[in-house]
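Read through the structure below, which is laid out as structure tokens, and then see the notes.
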Amino acid sequence: MGQGFSGRAAVAGIGLTALSRSSGRTELSLAAEAARAALAEAAEATGGAAATPDAILSYHLNDSAPVLYLARELGITEIGWHNEIYGGGTQSASILADAAMLIDAGLARTVLVYRALNGRSGKRMNTLGLKLGEGTEEQFTHPYGMAGPVHQFALAGQRYLYETGLNERHLHAVVAQSRAHAVRNPRALQRQRMSLADYLDSPMVASPLRRVDCCQETDGACALVLTRADLAPDAPRVHAVVRGGGPGASSMDRAPDITRIFSSYVAGPLYEAAGMKAADVDVALLYDAYSWLVPRQLEDFGLVGRSDLGVLLTAQEIAWNGRHPVNPHGGLLSEGYVHGLNNVAEAVRQLRGTGTSQVADASVALCTGFGGSYGSAAVLVRP
């Protein structure tokens, strides 16, 4: 079917701060460092044409640096379109469409996108309540131990493992591969291999999720610069993006199937918009907030059939040099958690051919982001 902005916008620059558990810096300082690095890359890629953004976009959960504060920090005296989107991981893929639509509509030539947070030393994701309004749902969830996202996804994960026949050895395979990728990535927070014994020794947080099954809590910032494709002819293109969902893991009382996450809703529309099929995907940058979500997304996006998941995971076929490479940088489980935007940055590296664990001849990258049954997915392509 195609989308009007397909191929019109290119990611000309990426920037990432050091990832840590205690940055000792403000979110604004982190955002500015990542933005300057991304803008410097974009300026080089475009011969200076994309050195200064005329639009800035970000997403947050009241835990980041405001867009206009960053503009001032960067010395931008005039700014056009700007927006702060309230939301978390669901935005990490779809914000590419927001930027691409601005460029396609002629409302901006160069768009700076960023996410900055002190996710370990500041506001921590695992302490966020599951609630509507002012604590409406807490009276129903807290008595049953549903105190945050990890408990929510553990409940859905337990059911998914039962239905698929997967077990702790398969979850270990996901975590172990993530760590093996991170060993090769100097940016990663977790750069040690994970044996099965080490995995089993990791403390249980909420069955079946051990501590190592949960993504990192990270201080850091990531930024992307998107510009008109004609200005950056060698840069990866935004090809297709979709956003959507239905009743599922984040509204369990209304979900006929609590294991059904966003990917089951958006995979079909994404492939239709992209004019592609699963076999066209060379590398998958999957939002791995929890380990069991990797096989769930592999299944939903048609990359691996349910009956083949166990063998594929234990055979290390999600490695950078396997049949279905997943998160060659280590992902959110091992590189760090910048609310999914660091996964998009890795997609750009893979399409440039500069990944630390480079997938051979990668030309199509799938990126995902979500918060349960709703989320977004994007396809980036090499020009």
Side-chain angles (χ1 to χ4, degrees), residues 152-181 194-196 199-200 207-210 212-214 242 244-249 252 255-272 274 276-328 331-333 343 359-360 362 364-368 370 372-373 375 377 379:
Q152 168 191 18
F153 281 98
L155 180 63
Q158 190 78 275
R159 181 69 189 185
Y160 182 69
L161 295 186
Y162 171 78
E163 291 183 353
T164 59
L166 299 178
N167 56 43
E168 59 191 6
R169 290 180 176 271
H170 300 109
L171 296 187
H172 162 255
V174 173
V175 177
Q177 189 57 66
S178 170
R179 294 295 175 85
H181 285 152
M194 174 68 62
S195 68
L196 179 59
Y199 175 83
L200 295 175
S207 182
L209 300 179
R210 292 172 163 81
V212 294
D213 289 304
C214 305
V242 297
M252 289 181 176
D257 178 0
I258 62 171
T259 76
R260 189 180 181 190
I261 61 171
F262 85 111
S263 43
S264 67
Y265 298 100
V266 305
L270 179 69
Y271 287 139
E272 182 180 0
M276 293 180 174
K277 53 187 182 300
D280 295 317
V281 175
D282 296 314
V283 57
L285 287 305
L286 302 182
Y287 194 90
D288 54 338
Y290 304 100
S291 58
W292 74 270
L293 297 171
V294 169
R296 173 84 255 196
Q297 291 176 77
L298 287 171
E299 177 185 357
D300 287 342
F301 281 102
L303 299 171
V304 184
R306 175 170 287 199
S307 62
D308 297 326
L309 284 170
V311 171
L312 178 117
L313 294 174
T314 54
Q316 299 181 317
E317 292 290 0
I318 60 171
W320 64 276
N321 57 353
R323 283 190 293 159
H324 298 285
V326 173
N327 297 346
L332 311 182
L333 285 170
N343 281 8
V359 175
V364 176
L366 168 68
C367 301
T368 70
F370 69 102
S373 65
V379 171

Mind checking the [atom1]-[atom2] spacing from [X] to [Y]? Nearest 0.5 Å is all I need.
| X | Y | atom1 | atom2 | result |
| --- | --- | --- | --- | --- |
| Asn343 | Asn327 | CG | CG | 5.0 Å |
| Gln177 | Thr314 | CD | OG1 | 11.5 Å |
| Asp308 | Arg323 | CG | CZ | 7.0 Å |
| Glu168 | Ser207 | CD | OG | 9.0 Å |
| Leu200 | Met194 | CG | CE | 10.0 Å |
| Ser307 | Leu312 | OG | CG | 11.0 Å |

List the atom of [X], the atom of [Y], and the distance in Å for their closest heavy-atom pair.
| X | Y | result |
| --- | --- | --- |
| Leu332 | Ala289 | CD1-N, 4.3 Å |
| His170 | Gly165 | CE1-O, 4.3 Å |
| Gly302 | Ala278 | O-CB, 3.4 Å |
| Ala377 | Phe301 | CB-CZ, 4.0 Å |
| Leu286 | Val326 | CD1-CG1, 4.1 Å |
| Val175 | Ser291 | CG2-CB, 4.0 Å |

Would a distance-only check, ignoring hydrogens and angles, find a side-chain to backbone donor-acceptor pair under 3.5 Å from [X] to [Y]?
| X | Y | value |
| --- | --- | --- |
| His181 | Trp320 | yes |
| His172 | Tyr199 | no |
| Glu272 | Gly268 | no |
| Thr368 | Tyr287 | yes |

Pairwise side-chain contact, [X] with [Y], heavy-atom cut-off 4.5 Å (strictly under):
| X | Y | answer |
| --- | --- | --- |
| Pro295 | Thr164 | no |
| Leu166 | Leu171 | no |
| Leu293 | Phe370 | yes |
| Val281 | Tyr271 | yes |
| Asp280 | Val379 | no |
| Leu298 | Ile318 | yes |

Can you tell me how the ring of Trp292 sits relative to the ring of Tyr160, calling it parallel under 30°, perpendicular over 60° and tilted otherwise?
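If you compare the ring of Trp292 with that of Tyr160, the planes turn out tilted.
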Is the closest side-chain donor-acceptor distance between Arg296 and Ser263 under 3.5 Å?
no
Between the side chains of Tyr265 and Asp300, does any donor sit under 3.5 Å from an acceptor?
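Short answer, no.
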Can you check side chain to side chain contact (heavy atoms under 4.5 Å, CB included) on Glu299 and Leu309, steps first, answer last?
CA-CA 8 Å; Glu299 177 185 357; Leu309 284 170; 4.0 Å; yes
Check this for me: Gln316, atom CD, are more than 12 non-hydrogen atoms of other residues, nucleotides or ligands nearer than 6.0 Å?
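No, CD of Gln316 has 12 or fewer neighbouring heavy atoms, counting only those of other groups under 6.0 Å.
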Contacts of type salt bridge (Lys or Arg N to Asp or Glu O under 4.0 Å), residue Asp282, not counting sequence neighbours:
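Asp282 satisfies salt bridge (Lys or Arg N to Asp or Glu O under 4.0 Å) with no other residue.
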The test is side chain to side chain contact (heavy atoms under 4.5 Å, CB included); show your working for Arg179 and Val212 and say whether it passes.
CA-CA 10 Å; Arg179 294 295 175 85; Val212 294; 3.9 Å; yes
